[in-house]
Q: 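Below are the structure tokens for one structure; questions will follow.
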Amino acid sequence: METRDSLTGRHLIAGEWVTADGGRVRAVNPVTAEPLNPAFCQATELQVDAALRAAADAAAQTRGLPGADWAALLDDIADRIEALGDTLMIRANEETALPLARLESERARTCFQLRLYGQEAREGSWVDAVIDHGDPARQPLPKPDVRRMLRPLGPVVVFDASNFPFAYGGCGGDTASALAAGNPVIVKAHPGHPGTDELFAEVVLAAIRAAGLPPGLFGMLQGATAESGSALVRHPLTEAVGFTGSLRGGRALFDIASSRPRPIPVYAEMGSLNPLVVLPGALAERGDAIADGLSQSITGGVGQFCTKPGLVLVIEGPDTERFIQGLKARMAAIPAGTMLNSAIQTGFRKVTQGFPGVAGVKVHLEPSCSGYTDATPGLFEVDASTFIARPELREEAFGPAALVVRCRDLAGLLDSIAAASGQLTGTVHAGASDDLKVVAAVADALERGVGRLVYNGYPTGLEVCRAMMHGGPYPATTAPATTSVGTSALVRFARPVAFQNTPDALLPPALREANPLGIRRMVDGVLIA
Ligand code: NAP
């Protein structure tokens, strides 16, 4: 395999690779702790301004561009990512320590996602066109002709995630959905994988040039300080923000966006405990199999998934102790894994070292954080009343650890679920011998606090599809009505506009009487496909 040494360490602004005096930062190989070449620039406020101005110009120039053109751009980006081959794989592996096999599947998911969102743009019905014909003869007042659809917002700033350098990276879900919805994108590269982000920026620039689109349609700024990210969110030309990362970071950016003279939406996907309930019938019928699956789900990817089940809830019964011991034995057999970076290892150590300080917490397996980024699995146990009383036990341990909440009865279980509200997912394992009413009560309690409910499975392994909901009530996200994965992600970067008594020739094609795009529309209360 070939390695690449031609990365520039520069920002991409208005189609140019530019440098800056804002200082330099290097990515670090998580395995060797050695800094990687090249040194990357840190964006300045002037560069933030230049990128946003170019993006706003591009938004003006591409307004009205057909969905098919956005789809062609996304298809070309996917093709070019695949054509990067080992160059992308090697750099991402050096920067993140994610195994090549994992990176290959993540690349496939990323390219599938780009093409799927492109299909959505090409087909066109996602704009949710609704037409209510007017009636000039209506008494006592004439009824106006009103037509509504979703229109693009303008420049979107995307903060890519450390834990999915491809699928939530520079060309990941936020970028793909913002482009598919017809918006320019400025990516704030993640300091954990700046070279990977530069490769993505190169690919997007080449696709934009090949399509003859304005170069300001995509920009990428490097940096490892909060200043550049804050400046991007504060900038008056930014219209929306996509973010995946920590609660601290997402909340800070949400607060900045809300306190602007003109607030803008921040679609931040943050931490999640992903409560997983194992009911007594399930424990009796397949406790060992659940311990197998759960131990894999907690520790897969060194536990660095936003969907990792970090909270396991059980009701006291004859099989409970055996199940916990089985889970412990399986997790103890899993060797140390290399985490994405030393900051994530530090965060994992801090949260898991805090658990035993809470009276009543039992340590089954103490994680060991060694070397620069290594960590072994951790398993803790607590009773329901302590769990409910101590909010620090609801902090996300981002890594291979879980807390078992041992509940005396169904009431304790339901109260514990309610205390842990605001999650991306909730899971219930039920057996044939579990009372259906109990299963329904547990599922209902989970549903009230999560975005996705999983039955008899595991929340890790997220399907990219039309029906997916990857979001949830705060603190899982800052926008519980939306999803960051699946084709509904596009609507985050558009807003509805109603056109009243507008001449047909002045309407966007999606709303014209003859339906020239052939899209699905709601006309006078009837869905016309
Ligand atoms: P992060 O610290 O939230 O950083 C994510 C991005 O946001 C980076 O580009 C960072 O830029 C920027 N940022 C963060 N705080 C900011 C602020 N106050 N102002 C401006 N920009 C800001 O996330 P991370 O580095 O990926 O991982 C740290 C922790 O986040 C993990 O240990 C884990 O707890 C959590 N995390 C959760 C998920 C999840 O899906 N649940 C995923 C990844 C990480 P700078 O670094 O340049 O400031």
Side-chain angles (χ1 to χ4, degrees), residues 22-23 25 27-28 30 40-43 45 48 95-96 98 157-165 167-170 172-174 186-194 196-197 220-235 238 241-257 259 266-274 301-310 339-352 354 369 373 375 394-401 422-425 451 459-460 462 470-472 474-478 484-485:
V25 63
V28 177
F40 283 80
C41 301
Q42 305 240 48
E45 289 231 15
V48 166
E95 290 186 332
T96 65
L98 292 173
V157 168
V158 170
F159 288 80
D160 74 318
S162 56
N163 57 338
F164 278 92
Y168 295 75
D174 283 342
I186 306 293
V187 170
K188 158 66 176 63
H190 197 285
H193 52 256
T196 303
D197 278 328
M220 190 220 36
L221 298 177
Q222 298 282 357
T225 63
E227 280 76 41
S228 49
S230 312
L232 281 164
V233 177
R234 270 197 315 269
H235 198 284
T238 301
V241 177
F243 170 94
T244 306
S246 66
L247 175 58
R248 185 188 45 79
R251 181 62 201 243
L253 297 174
F254 177 82
D255 289 343
I256 292 170
S259 60
V266 174
Y267 300 103
E269 189 226 301
M270 305 175 291
S272 185
L273 301 176
N274 304 300
V302 203
Q304 300 166 114
F305 295 138
C306 50
T307 51
K308 179 208 73 175
M339 301 194 91
L340 290 159
N341 56 57
S342 65
I344 286 183
Q345 188 210 46
T346 303
F348 178 65
R349 182 193 290 123
K350 186 166 160 269
V351 176
T352 52
C369 293
T373 48
R394 300 196 281 279
E395 201 174 334
E396 181 187 30
F398 193 70
Q423 309 297 342
L424 295 171
T425 74
T460 39
L462 186 64
H470 188 56
Y474 185 86
T477 76
T478 52
S484 62
V485 175

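Given the structure is predicted, the values throughout are model-derived calculations rather than measurements. Start at 1 and go down the list; that is how both ligands and their atoms are numbered.
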Q: Using a heavy-atom cut-off of under 4.0 Å, does the side chain or the backbone of E269 touch ligand 1, or both, or neither?
A: side chain

Q: Is F243 near ligand 1, meaning one of its heavy atoms is under 4.0 Å from it?
A: yes

Q: Using a heavy-atom cut-off of under 4.0 Å, does the side chain or the backbone of S230 touch ligand 1, or both, or neither?
A: both

Q: Under 4.0 angstrom from ligand 1, any heavy atom of C306?
A: yes

Q: Among G399, A397, A224, which one puts a heavy atom closest to atom 47 (O) of ligand 1?
A: A224

Q: Does the N or O separation between S162 and ligand 1 drop below 3.5 Å for any pair?
A: yes

Q: For Q345, give me all partners under side chain to side chain contact (heavy atoms under 4.5 Å, CB included), at least two apart in sequence or on another chain.
A: M339, R349, C369

Q: Answer yes or no for A161: is there a heavy-atom contact with ligand 1 below 4.0 Å?
A: no

Q: Is it true that a side-chain atom of Q42 and a backbone atom of A224 form a donor plus acceptor pair closer than 3.5 Å?
A: yes

Q: What is the ring orientation for F164 with Y168, classed by angle as parallel under 30°, tilted 30 to 60°, or perpendicular over 60°?
A: tilted

Q: Does E227 have a non-hydrogen atom less than 4.0 Å from ligand 1?
A: no

Q: Look at atom 1 (P) of ligand 1 and say which protein heavy atom is nearest, naming residue and atom and giving the distance to 0.1 Å.
A: S246 OG, 3.5 Å

Q: Just going by heavy-atom distances, which of G310, G347, A252, G249 is nearest to atom 14 (C) of ligand 1?
A: G249

